[in-house]
Amino acid sequence: MRRPADLRRPSAAPLPLLSALAATAVLLTACGTERAGPGSTDARASASREATRIDDPGKDGVRITSLILPSASPTPTRSGYLVSADKLPTDSDSGVLATYEVTNDGTEARTYSVVFTFVSGDGGALANQTETVRDVGPGQTVRGTVRAGQLPPTAPRVTGAKVFRVTKVPAGEAPAAPGTCPASGIRVSADQGDAAMGLRVVGLHLDNCGKRAYTVEGYPLLELLDDALRPVDGVRILHGSGEITTGAGPDERPRPVRLDPGESATAGLVWRNTTEMGTPVNVPHVRVRAQAGAEPVTVTPHLDLGTTGKLGVRPWKKAEPQEPLAGRQTDSP
């Protein structure tokens with residue numbers, strides 16, 4: 001006689017096993033939704049950020065195409081049998097970035113210097129970042145990414161980005177990229193300048209990055225140019241700064257300056273931003289030749305000359321040894 005099948009419910013799992021399963025469930029719940037393991041790097045990166053497409057009309061051929069923000073909380077990823085969380089932005093970078101594109105509608109290659117502004121919900125500026133896009137050919141479109149960088153911990157959330165200013169120069173006249181040396185062996189650039197009580201001073205730098213000694217004497221040769229790179233009239237270029245201010249130190253007589261490879265010379269542009277009667281004059285570009293016969297380099301100091309009609313230029317003098325030339329920050333076009 002066959003015995004009837006045992007219809008009793010199976011006994012409960014041992015308590016240690018249940019505790020382990022419960023702990024695992026709690027751990028995964030706390031970390032978020034688990035995603036695929038190896039091979040899903042792009043998926044993880046895109047899921048840990050919020051990308052917003054921007055319909056930006058742009059400015060002077062430059063427009064922002066999207067804004068990418070870090071997610072509010074870390075997301076877990078799988079690597080083999082381990083569960084880990086994506087890193088949140090560190091103190092050195094906010095994790096906020098924007099993508100952009102630059103289109104050259106001209107007839108010659110250009111190098112662009114673009115100032116991007118990241119803004120909050122009320123339109124307030126949170127960060128300005130400058131990007132240099134070199135050698136954009138006629139009709140060419142180049143795409144890139146700009147990061148907002150570090151933001152104060154108390155800063156409001158970034159909600160947008162815009163093109164603040166675009167400066168473009170012929171690619172052949174743009175200052176050499178940091179760490180590179182033109183065929184001439186001479187690199188010309190301008191620094192960010194200094195402004196105090198209406199007095200403006202911008203330094204010009206001449207680096208001998210070549211293999212031979214170079215001698216320069218006198219004053220840099222300047223051409224003042226507008227946005228369309230046309231000459232600006234009505235401004236006197238003065239040798240020395242004595243007619244403008246005594247605050248920049250006494251004028252020095254020009255003298256020959258010999259630069260061995262690795263050495264530098266400096267000169268200076270000095271002006272006052274005084275506005276009285278008349279139309280203020282702004283000069284975005286200055287075409288600089290170290291001396292007669294030298295190759296031109298167009299820098300973009302954005303001279304706000306007011307109504308003074310004067311710009312002082314100080315002569316070349318040998319610079320004190322500083323950081324290696326390959327690492328020096330140079331002017332963007």
Side-chain angles (χ1 to χ4, degrees), residues 102 108-115 129-137 142 144 166-194 200-225 229 237 239 252 254-270 283-303 311-333:
V102 178
E108 63 177 346
R110 295 171 173 171
T111 290
Y112 292 73
S113 177
V114 186
V115 179
Q129 297 293 347
T130 302
E131 291 288 308
T132 299
V133 184
R134 299 182 179 274
D135 301 321
V136 183
V142 175
V166 179
T167 308
K168 47 194 174 185
V169 303
E173 295 185 10
T180 67
C181 186
S184 65
I186 299 300
R187 184 169 59 220
V188 175
S189 61
D191 59 32
Q192 299 300 312
D194 186 23
R200 309 284 199 259
V201 180
V202 166
L204 299 178
H205 300 268
L206 174 63
D207 302 327
N208 183 355
C209 54
K211 299 180 179 180
R212 298 179 180 179
Y214 182 83
T215 299
V216 63
E217 182 178 3
Y219 300 88
L221 303 179
L222 310 178
E223 294 179 69
L224 308 184
L225 307 173
L229 299 175
I237 298 178
H239 284 173
E252 301 179 15
R255 62 191 64 185
V257 179
R258 174 187 166 92
L259 301 176
D260 290 325
E263 292 185 325
S264 302
T266 61
L269 306 180
V270 183
V283 179
H285 306 88
V286 178
R287 181 175 285 135
V288 181
R289 287 178 172 85
Q291 58 187 347
E295 293 293 323
V297 176
T298 299
V299 297
T300 55
H302 296 278
L303 310 179
L311 173 67
V313 55
R314 310 193 74 180
W316 293 114
K317 66 177 183 178
K318 200 163 190 175
E320 296 295 328
Q322 294 180 343
E323 58 185 307
L325 296 184
R328 176 175 295 165
Q329 293 296 319
T330 59
D331 172 81
S332 298

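We use all heavy atoms of the structure for the numbers below, so side chains are in, but hydrogens, waters and symmetry mates are not. In this text, all values refer to a predicted model and were calculated from it rather than measured experimentally.
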Checklist entry - At what distance, to the nearest 0.5 angstrom, does CD of E131 lie from OG of S113? => result 9.0 Å
Next on the checklist: Applying side-chain hydrogen bond (donor to acceptor under 3.5 Å, both in side chains), can you list everything that pairs with E252, at least two apart in sequence or on another chain?
Outcome noted: none
Item to check | Heavy-atom donor-acceptor pair, Q291 side chain to T215 backbone, under 3.5 Å | outcome: yes
Item to check | Chi angles and distances behind the side-chain contact (heavy atoms from CB on, under 4.5 Å) call for V166, Y112 | outcome: CA-CA 7 Å; V166 179; Y112 292 73; 3.9 Å; yes
Next on the checklist: Side chains of P182 and C209, heavy atoms from C-beta outward: is any pair under 4.5 Å?
Outcome noted: yes
Next on the checklist: One pair to check against side-chain contact (heavy atoms from CB on, under 4.5 Å): R134 and T132. What are the steps and the verdict?
Outcome noted: CA-CA 6 Å; R134 299 182 179 274; T132 299; 3.9 Å; yes
Next on the checklist: Is any side-chain heavy atom of L221 closer than 4.5 Å to one of V288?
Outcome noted: no
Next on the checklist: When you measure from the side chain of W316 to the backbone of L204, do you find a donor-acceptor pair of N or O atoms at a distance under 3.5 Å?
Outcome noted: no
Checklist entry - Which residues satisfy the ring pair (Phe, Tyr, Trp, His ring centres under 6.0 Å) test with Y219, sequence neighbours excluded? => result H239
Checklist entry - Does R187 reach the main-chain N or O of T180 with its side chain, forming a donor-acceptor pair under 3.5 Å? => result yes
Checklist entry - Which atom names give the shortest non-hydrogen contact between A171 and T111, and what distance separates them? => result CA-OG1, 3.7 Å
Checklist entry - Is any side-chain N of the basic residue among E263 and K318 closer than 4.0 Å to the acidic one's carboxylate O? => result yes
Next on the checklist: When you measure from the side chain of E173 to the backbone of P170, do you find a donor-acceptor pair of N or O atoms at a distance under 3.5 Å?
Outcome noted: no
Checklist entry - Could you give the distance from OG1 (T300) to CG (L303), rounded to the nearest 0.5 Å? => result 10.0 Å
Item to check | Closest contact, heavy atoms only, A267 versus P220 | outcome: CB-CG, 3.6 Å
Checklist outcome for this item: Between the CD1 atom in I237 and the CG atom in L222, the distance rounded to the nearest 0.5 Å is 5.0 Å
Checklist entry - How long is the span from the OG1 atom in T266 to the CD atom in E320, to the nearest 0.5 Å? => result 9.5 Å
Checklist entry - Does any non-hydrogen side-chain atom of V299 lie less than 4.5 Å from one of P175? => result yes
Next on the checklist: To check you understand the geometry: which heavy-atom pair defines the closest contact between S264 and D207, and what is its length?
Outcome noted: OG-OD1, 2.7 Å
Item to check | Stepwise side-chain contact (heavy atoms from CB on, under 4.5 Å) test for L206 and V216 | outcome: CA-CA 9 Å; L206 174 63; V216 63; 3.7 Å; yes
Checklist entry - Of all residues at least two apart in sequence or in a different chain, which pass the ring pair (Phe, Tyr, Trp, His ring centres under 6.0 Å) check with H302? => result none
Checklist entry - Would you say the side chain of L311 lies within less than 4.5 Å of the side chain of L269, judging by non-hydrogen atoms? => result yes
Item to check | CD (E295) with more than 12 external heavy atoms under 6.0 Å | outcome: no
Item to check | Considering all heavy atoms, the nearest V297-A174 contact | outcome: CG1-C, 4.3 Å
Checklist outcome for this item: Between the CD atom in E223 and the OG1 atom in T298, the distance rounded to the nearest 0.5 Å is 8.0 Å
Next on the checklist: Return the CG to CZ distance between L259 and R212, rounded to the nearest 0.5 Å.
Outcome noted: 15.5 Å
Next on the checklist: I'd like to know if the side chain of D191 reaches the main chain of G203, judged simply by a donor and an acceptor atom lying under 3.5 Å from each other, with no hydrogens or angles considered.
Outcome noted: yes
Checklist entry - How far apart are the C-alpha atoms of V169 and H285, what are their side-chain angles, what is the distance that settles it, and do they pass the side-chain contact (heavy atoms from CB on, under 4.5 Å) test? => result CA-CA 8 Å; V169 303; H285 306 88; 3.6 Å; yes
